[in-house]
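Only one structure is covered here, and it is reproduced in the block below.
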Protein chains: 2
Amino acid sequence: MRCLMRLKANGLETVSSQALSSAAGVKPTQLRKDLTYFGQFGTRGLGYDVNQLTEMIAEVLGTNTLQPVVLIGVGNLGKALISYKGFEREGFEIVSAFDANPGVVALGKFMEIPVRPMDEIPKVLSEHQVRMAILCVPVEAAQSIVNVLIENGVTGILNFAPIVLLTPEGVTVNNVNLAIELENLSYFIQEHAPSSDETSDSDPTDGD
Amino acid sequence: MRCLMRLKANGLETVSSQALSSAAGVKPTQLRKDLTYFGQFGTRGLGYDVNQLTEMIAEVLGTNTLQPVVLIGVGNLGKALISYKGFEREGFEIVSAFDANPGVVALGKFMEIPVRPMDEIPKVLSEHQVRMAILCVPVEAAQSIVNVLIENGVTGILNFAPIVLLTPEGVTVNNVNLAIELENLSYFIQEHAPSSDETSDSDPTDGD
DNA sequence: TAGATTGTTAATCGATTAACAATC
DNA sequence: TAGATTGTTAATCGATTAACAATC
């Protein structure tokens, strides 16, 4: 998607699996095979229409319309995520933040992204039809908040608390554990590690 | 590793691949196979010695001794990471932070983790024999800082800037891209997505 | 029509797992 | 010795890739 965006910004209208895959660092066959999983979008002899492909991927990702998201827990990390511009750029809108600390709520009341007390979660979720939440609360609070979120229609959780969340079928959890990221790195700089050959993003698989 | 820690905390001295794997959410065979990649640590008929296995894994991960780490870029995210206690618990020590903004440096001069100006990077890295860095600077600054880091002996970078870093062979980059995490989640809450079956951590593969 | 590039088949490769002999 | 559980082999499964017919 990001490669396509770049092509689009440069005015390209058409791209071959060859060109796009090399930009993305994968093999052309891989790219074509993956795309056909969702349908047929290319033109033989020509390649793919950049606009059409962009739109199709946005639709698959669910980012073609602005996705409302809430953020729970306005500590250091929460604040950092609120001010992160990347979410918006990719089609997400943090409609509200929540915090258990009245002081934090008072301070955040009139911010661009308002901070509300926890008991307003149900109201806000139903008002904005929110289905995704970013969770940056302490481990102790995580599970009970998740229960509330799920009761109120959330089906996707980006979880920063280092704990395995229990969720019913149909709810997806993506865990981001920064300590694990660092451990992983640590492993690869040890001499016994088979030297890794490609720079790549973390790719979370995810949750029941 | 985290499962083992928990067993240890509970006074368990021995664990079977069966028990450990179910705690970790993988199959017993998988666990045994993976462990043998590093050697033979079990006792047939008995299982694995928790202490011995813990130690072996810590060694493989390189977390048996405290790993010195530096953090570059003390913005919102940088601050959040500095105050994150998880790193220390897992065997990492942020020995210093760095920032390009003199104001940030002035403020952070006498913090528990000191904030220093960028030009002191070489001195600090060699003094503490630092091999790992956490990068949370703006995209524009990322590559040039990475060059400095590598020149001064860093071989592992945890990168939060949404950019593909160019690094020589032997340097590992782990990218954490929060927008991608959210996109991934978004995909799975769409109806067309094959419902995912397991909650799991992001597992970064990594970099040349 | 000739050249290009897709979508798809079949071959290859690697990773997971069941089964079991080794052995505590 | 009998029961348990490892380490390892061989079978299975799924994912990647090469090759190519379809077709723009």
Side-chain angles (χ1 to χ4, degrees), chain A residues 1 3-4 7 12-57 60 184 187-188 192-206 208, chain B residues 1 3-4 7 12-57 60 184 187-188 192-206 208:
Chain A
M1 184 55 147
C3 293
L4 278 172
L7 292 176
L12 275 277
E13 306 208 329
T14 263
V15 66
S16 67
S17 61
Q18 172 61 247
L20 184 56
S21 68
S22 98
V26 298
K27 297 242 164 65
T29 357
Q30 181 80 270
L31 181 79
R32 295 207 296 278
K33 186 110 218 206
D34 287 358
L35 288 180
T36 57
Y37 184 77
F38 299 106
Q40 299 190 179
F41 306 98
T43 309
R44 294 172 195 227
L46 253 177
Y48 298 87
D49 180 283
V50 172
N51 282 308
Q52 191 193 323
L53 196 56
T54 303
E55 197 158 329
M56 165 316 249
I57 294 177
V60 166
N184 187 294
Y187 169 73
F188 279 103
H192 50 250
S195 99
S196 57
D197 55 349
E198 276 290 299
T199 295
S200 90
D201 273 306
S202 62
D203 75 319
T205 337
D206 46 81
D208 74 271
Chain B
M1 184 55 148
C3 294
L4 278 172
L7 293 176
L12 276 278
E13 304 210 327
T14 263
V15 65
S16 67
S17 61
Q18 172 61 246
L20 185 56
S21 68
S22 98
V26 298
K27 298 243 163 66
T29 357
Q30 182 79 272
L31 182 79
R32 295 207 297 277
K33 185 110 218 204
D34 287 357
L35 288 179
T36 57
Y37 184 78
F38 299 106
Q40 303 190 176
F41 305 98
T43 309
R44 293 171 195 226
L46 252 177
Y48 298 88
D49 180 283
V50 173
N51 281 308
Q52 191 193 323
L53 195 56
T54 302
E55 198 159 330
M56 170 306 252
I57 294 178
V60 165
N184 186 295
Y187 169 72
F188 279 103
H192 49 250
S195 98
S196 56
D197 56 349
E198 276 291 299
T199 295
S200 92
D201 275 305
S202 62
D203 76 319
T205 336
D206 44 78
D208 81 270

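Chain identifiers are assigned alphabetically (A, B, ...) following the order of the sequence lines, protein sequences preceding nucleic acid strands; residue numbering begins at 1 within each chain. Note that this is a predicted model, so its numbers are computed, not measured.
Where DNA chain D meets chain A (any atom under 4.0 Å from a heavy atom), the bounding nucleotides read 5' to 3' are D/dT16 to D/dC24.
With sequence neighbours left out, the side chain to side chain contact (heavy atoms under 4.5 Å, CB included) criterion links B/Lys33 to no other residue. Considering only residues two or more places apart in sequence or on other chains, A/Ser17 meets the side-chain hydrogen bond (donor to acceptor under 3.5 Å, both in side chains) condition with A/Arg32. A/Leu12 meets the side chain to side chain contact (heavy atoms under 4.5 Å, CB included) test with A/Leu7, A/Asn10; sequence neighbours excluded. Judged as a side chain to side chain contact (heavy atoms under 4.5 Å, CB included), and not counting sequence neighbours, the contacts of A/Gln52 are A/Phe41, A/Asp49. Qualifying side chain to side chain contact (heavy atoms under 4.5 Å, CB included) partners for A/Thr14, counting only residues two or more places apart in sequence or in other chains: none.
For the contact set between residues 43-52 of chain B and DNA chain D, defined by any heavy atom under 4.0 Å, the members are B/Thr43, B/Arg44, B/Gly45, B/Leu46, B/Gly47, B/Tyr48. Listed in residue order, the members of residues 26-35 of chain B having a heavy atom less than 4.0 Å from DNA chain C are B/Lys27, B/Thr29, B/Gln30, B/Arg32, B/Lys33.
Scanning all heavy atoms of the two residues, the minimum distance from B/Gln18 to B/Pro28 falls at NE2-CG, 4.0 Å. Residue B/Tyr48 comes nearest to B/Leu53 through the heavy atom pair CB-CD2, 3.9 Å, listed as atom of the first residue, atom of the second, then distance. The two atoms that bring B/Cys3 and B/Leu20 nearest to each other are CB-CD1, 3.7 Å, heavy atoms only. For the pair A/Thr54 and A/Met1, the tightest heavy-atom approach, listed with the atom from each and the gap, is O-CE, 3.6 Å.
Here the CE atom belonging to B/Met56 is positioned 5.0 Å from the CG atom belonging to B/Leu35, to the nearest 0.5 angstrom.
Axis deviation across the helix from C/dG3-D/dC24 to C/dC24-D/dG3 amounts to 10°, comparing end segments of five pairs, rounded to 10 degrees.
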